[in-house]
Amino acid sequence: MAVNGGPEHDEWFDIAIHTSGIGWVQARVDGGPRIALERDRRTGDWIGQVPTGAPYVIAVSGDRLALDPRATEVWFPPGHSRDANKRNASLDDADFPRAVAAPWPRRRPQRHTSRPLVVYEAHVRGLTAGRPRPDAGTFRAAIDELPRLAELGVSVLELLPVHQYDPDEGNYWGYMPLVFGAVHRQYAAGDRPAEELAELVDAAHDHDIEVWLDVVVNHTTEADPAGPSYSLRILDEREYYVVHPDGTYLDDAGTGNVVDAHSPQSRRLIMECLDRFADLGVDGFRFDLAAVLARDADFVRAIGDWGERRGVRLVAEPWDMARYLLGPDFPDQRWMQWNGEYRDDVRGFLRGEPGMVPLMVRRLDGSPDLFTSPMCSLNFLTAHDGFTMYDLVAYDHRHNEANGWDNTDGHHHNRSWNCGWEGDVDVPDDVMVLRRRQLRNAMCLLLLSHGVPMFVAGDEFARTQGGNNNAYNQDNETSWLDWQRAAEWAGHERFVRDVLAVRSAHPVLWDPERWGSRLAMFGANGGPDLGYESRSIAWAVDGLYVMANMWWEPVEFTVQVPGDWRIVIDTTSDVVNALESAPPSGAAVTVGPRSIVVLGR
């Protein structure tokens with residue numbers, strides 16, 4: 001279809017807008033024509049074309065502007081203001097955000113890693129904002145981090161949301177999307193954000209690293225009815241959002257609104273977004289607050305079918321503010337799930353809580369109480385929302401004053417332990433020695449469990465946020481990777497790399513089948529001590545014998561499996577595979593206070 005006798009499709013960009021109760025729709029091109037869209041009798045969409053590459057805005061009857069919710073790219077005028085859009089933008093508003101008629105990059109294939117899955121959760125900007133380079137904080141800069149990650153043993157780079165969000169909203173993490181299917185322009189070094197993301201994916205594949213995206217398709221930046229009106233609220237509020245009869249919104253995401261997963265138009269936006277990112281070669285998607293989408297179980301299963309067709313991995317955060325669907329309650333068991341029980345139970349064991357050993361028996365074994373396949377359990381101790389791994393061993397309490405909410409935001413129950421000293425000011429030497437050991441313990445437990453491990457960017461060198469466990473609005477050194485600290489903690493990064501090498505050398509740790517009779521659980525002597533005051537456990541599986549003591553005194557373990565064992569890890573040291581002792585079966589091995597010893601053969 002040509003517009004006003006103009007050129008055909010190679011110079012014109014198709015658009016299709018869904019609305020309800022609106023009498024006319026125009027596409028207004030900056031510095032160009034006002035194009036009346038026509039109603040498609042088959043789909044009900046308003047359709048037309050705009051010049052390729054042009055910024056445009058949608059105008060609708062009632063003298064309102066709207067951003068195209070299916071935009072491939074968004075541009076913000078210099079005068080853009082979120083507060084200004086809490087009222088209806090007038091038809092001559094030059095500061096309203098514009099869609100850009102940008103063709104999507106060519107389709108690229110997925111390329112799954114040949115190595116065991118090890119997930120590294122990172123923020124595009126935070127990954128390199130601390131680097132002294134002009135393109136710091138961009139997709140392009142992230143490419144140069146890939147060799148280090150590959151050497152570390154990372155096989156999946158999971159990026160926090162890259163949807164276009166409102167840069168005036170103040171959410172550094174990006175969890176308040178404006179347009180699902182557009183790439184955040186501010187993460188690009190140049191003027192082609194989607195292409196630059198695709199180039200990062202290509203480069204990651206060259207390093208045998210998959211790229212997963214954290215996708216937020218359960219709510220939008222328009223928030224509650226008092227929030228700004230950019231797009232969905234203007235075009236068809238009750239089609240896209242769950243709206244109560246009195247006009248208030250369901251808010252099970254804690255953000256002011258939730259997208260209606262039953263709505264055909266919402267589904268179209270979500271699936272179009274996923275298809276676009278999959279076309280860039282993205283290998284997997286982690287769905288924020290997936291329980292919102294699970295209000296329509298058929299839709300979740302349809303996404304599962306799509307994932308199988310496209311060859312992408314799917315990961316659920318299986319809860320929201322109202323429902324907790326971890327394990328068998330999630331409607332599609334093909335998905336991996338963030339295992340919140342693993343996080344909580346292992347944190348409890350790590351800090352020496354009583355009564356944790358029976359739970360650790362489950363968590364180390366891929367959580368058979370929750371998952372049919374252990375590889376559906378995405379095991380983690382840390383994520384973007386919460387303490388870093390170092391802060392888990394350095395703070396008993398959150399310290400979120402910088403966020404502006406009088407330290408009332410963020411979780412107050414973190415199951416952390418500061419090792420006897422709160423924070424990092426004037427830390428006694430013995431406390432720091434214990435913290436380093438606890439960090440090594442945490443990594444050992446995580447990386448030697450059955451399932452898919454994930455840790456947060458910087459955990460490998462003890463990144464700290466100063467006790468801030470909700471740094472959602474901290475686009476500064478609080479959230480960025482600290483490369484001076486990385487140099488200071490190089491020994492810990494080497495330790496993490498070496499433990500990952502141990503994991504890679506033992507395929508049983510990522511076997512999709514249950515360990516079953518291959519796994520033997522022990523206590524210090526004999527079978528596992530499941531008593532309330534027990535704080536130690538040992539297990540043996542296919543060439544590994546792990547003895548974990550979270551008691552504050554040494555414990556003597558008897559090696560109960562015959563074999564030519566050698567000590568490969570002792571968390572009282574940051575050196576892996578350097579110890580030559582080979583305790584025979586029946587010999588005693590002393591495991592120090594709050595320490596782990598791993599034998600290999």
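Here, residue 1 is the first one in the sequence, and each next residue gets the next number.
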In Å, rounded to the nearest 0.5 Å, how long is the span from CD1 of I270 to CH2 of W306?
12.0 Å
Could you give me the CA-CA distance, side-chain angles and deciding distance for H80 and D166, then say whether side-chain hydrogen bond (donor to acceptor under 3.5 Å, both in side chains) is met?
CA-CA 9 Å; H80 166 68; D166 182 352; 2.8 Å; yes
Would R313 count as a cation-pi partner of W212, with NZ or CZ less than 6.0 Å from the six-membered ring centre and within 45° of the ring normal?
no
SB check R115 D208 (cutoff 4.0 Å)
yes
Check: S449/Y342 side-chain N/O donor and acceptor closer than 3.5 Å:
yes
Could you give me the CA-CA distance, side-chain angles and deciding distance for D320 and N218, then say whether side-chain hydrogen bond (donor to acceptor under 3.5 Å, both in side chains) is met?
CA-CA 10 Å; D320 58 24; N218 62 81; over 6 Å; no
Any chance you could measure N470, atom CG, to N473, atom CG, to the nearest 0.5 Å?
7.5 Å
Angle between ring planes, Y240 versus H18, binned at 30° and 60°: parallel, tilted or perpendicular?
perpendicular
Taking every non-hydrogen atom, the tightest pair across R463 and W480:
CD-O, 4.0 Å
Quick check: do N469 and D391 have side-chain heavy atoms less than 4.5 Å from each other?
no
Between Y187 and Y165, what is the ring plane arrangement, given parallel below 30°, perpendicular above 60°, and tilted in between?
perpendicular
Using 4.0 Å as the upper bound for N to carboxylate O, is an ion pair formed by D298 and R301?
yes
Between E341 and N339, do the side chains contain a donor N or O and an acceptor N or O under 3.5 Å apart?
no
Check for me whether R485 meets the cation-pi criterion with Y390, that is, NZ or CZ under 6.0 Å from the six-membered ring centre and within 45 degrees of the ring axis.
yes
Does the plane of the ring in H163 sit parallel, tilted or perpendicular to the ring in F277? Use 30° and 60° as the thresholds.
perpendicular
Any Lys/Arg nitrogen of R267 or D296 sitting under 4.0 Å from an Asp/Glu carboxylate oxygen of the other?
yes
Separation between CG (L445) and CG (L350), nearest 0.5 Å, reads 6.5 Å
Parallel under 30°, tilted from 30 to 60°, perpendicular over 60°: which one fits the rings of F495 and H492?
parallel
In short, A141 meets T128 closest at the heavy-atom pair CB-OG1, 3.4 Å
Please indicate whether W483 has more than 12 foreign heavy atoms, meaning atoms of other residues, nucleotides or ligands, lying under 6.0 Å from its CH2.
yes
Chi angles and distances behind the salt bridge (charged side-chain N to carboxylate O under 4.0 Å, His left out) call for R334, D332
CA-CA 5 Å; R334 292 172 294 183; D332 191 339; 2.8 Å; yes
Which residues pass the side chain to side chain contact (heavy atoms under 4.5 Å, CB included) test with D224, sequence neighbours left out?
A226
Inspect the contact between D135 and R133 and indicate whether a charged nitrogen and a carboxylate oxygen are less than 4.0 angstrom apart.
yes
D369/R363 salt bridge by N-O under 4.0 Å criterion:
yes
Is R108 paired with E195 through a side-chain N to carboxylate O contact shorter than 4.0 Å?
yes
Where A122 and A457 come nearest, the two heavy atoms and their spacing
CB-CB, 3.9 Å
Would you check if L152 and E460 make a side-chain contact, meaning some heavy-atom pair closer than 4.5 Å?
yes
Nearest heavy-atom approach of P161 to V216 is CG-CG2, 3.6 Å
Is a donor from one side chain sitting under 3.5 angstrom from an acceptor on the other, for T478 and N468?
no
Under a 4.5 Å cut-off applied to non-hydrogen side-chain atoms, are R82 and Y230 in contact?
yes
Does Q474 form a side-chain hydrogen bond (donor to acceptor under 3.5 Å, both in side chains) with N403? I'd like the steps, not just the answer.
CA-CA 7 Å; Q474 298 300 311; N403 298 349; 3.2 Å; yes
Can you tell me how far the CD atom of E513 sits from the CE atom of M375, to the nearest 0.5 Å?
11.0 Å
Salt bridge or not for D260 and R295, using N-O below 4.0 Å?
no
Do V74 and V100 make a side-chain contact, defined as non-hydrogen atoms from C-beta onward lying under 4.5 Å apart?
no
Would you call E145 and R131 a salt bridge, taking side-chain N to carboxylate O under 4.0 Å as the test?
yes
Under the ring pair (Phe, Tyr, Trp, His ring centres under 6.0 Å) criterion, do W173 and H384 qualify, and how do the steps go?
CA-CA 8 Å; W173 286 343; H384 61 277; 5.0 Å; yes
Report yes if some heavy atom in the side chain of F299 is under 4.5 Å from a heavy atom in the side chain of S266; otherwise report no.
no
What I want to check is whether the side chains of R268 and Q265 have a donor and an acceptor closer together than 3.5 Å.
yes
For the aromatic rings, using the six-membered ring if either is Trp, is the centroid distance between Y175 and Y472 under 6.0 Å?
no
Residues R192 and E73 bridged, charged N to O under 4.0 Å:
no
Under a 4.0 Å threshold between the charged nitrogen and the carboxylate oxygen, would R111 count as salt-bridged to E210?
no
From D482 atom CG to T464 atom OG1, the distance as rounded to the nearest 0.5 Å:
9.5 Å
Closest contact, heavy atoms only, D191 versus E196:
N-OE2, 4.3 Å
Exactly one of W75, F76, F180 clears side chain to side chain contact (heavy atoms under 4.5 Å, CB included) with Q164, and that residue is F76
Residues L280 and P105: closest non-hydrogen pair is CD2-CG, 3.9 Å
Nearest-0.5 Å distance that lies between atom CG in L159 and atom CG in L197
7.0 Å
Salt bridge R140-E199, side-chain N to carboxylate O under 4.0 Å
no
Would you say F380 and W338 make side-chain contact, with heavy atoms under 4.5 Å?
yes
For a ring pair (Phe, Tyr, Trp, His ring centres under 6.0 Å) check, start with the C-alpha distance between H123 and Y172, then their side-chain angles and the critical distance, and finish with the verdict.
CA-CA 9 Å; H123 187 283; Y172 162 73; 3.9 Å; yes
With a 4.5 Å heavy-atom cut-off, do L392 and T388 have their side chains touching?
no
Thinking salt bridges, do E272 and R276 make one under a 4.0 Å N-O criterion?
yes
Taking the side chain as everything from C-beta on, heavy atoms only, tell me whether Y395 gets closer than 4.5 Å to W417.
no
From CA spacing to verdict: salt bridge (charged side-chain N to carboxylate O under 4.0 Å, His left out), R125, D475:
CA-CA 9 Å; R125 177 161 165 75; D475 186 5; 2.8 Å; yes
If the test is side chain to side chain contact (heavy atoms under 4.5 Å, CB included), which one of D511, V541, L509 qualifies with H450?
D511
Qualifying salt bridge (charged side-chain N to carboxylate O under 4.0 Å, His left out) pairs, either residue in residues 277-294, two or more places apart
R107-D279, D214-R286, D279-R310, R286-D288, R286-E317
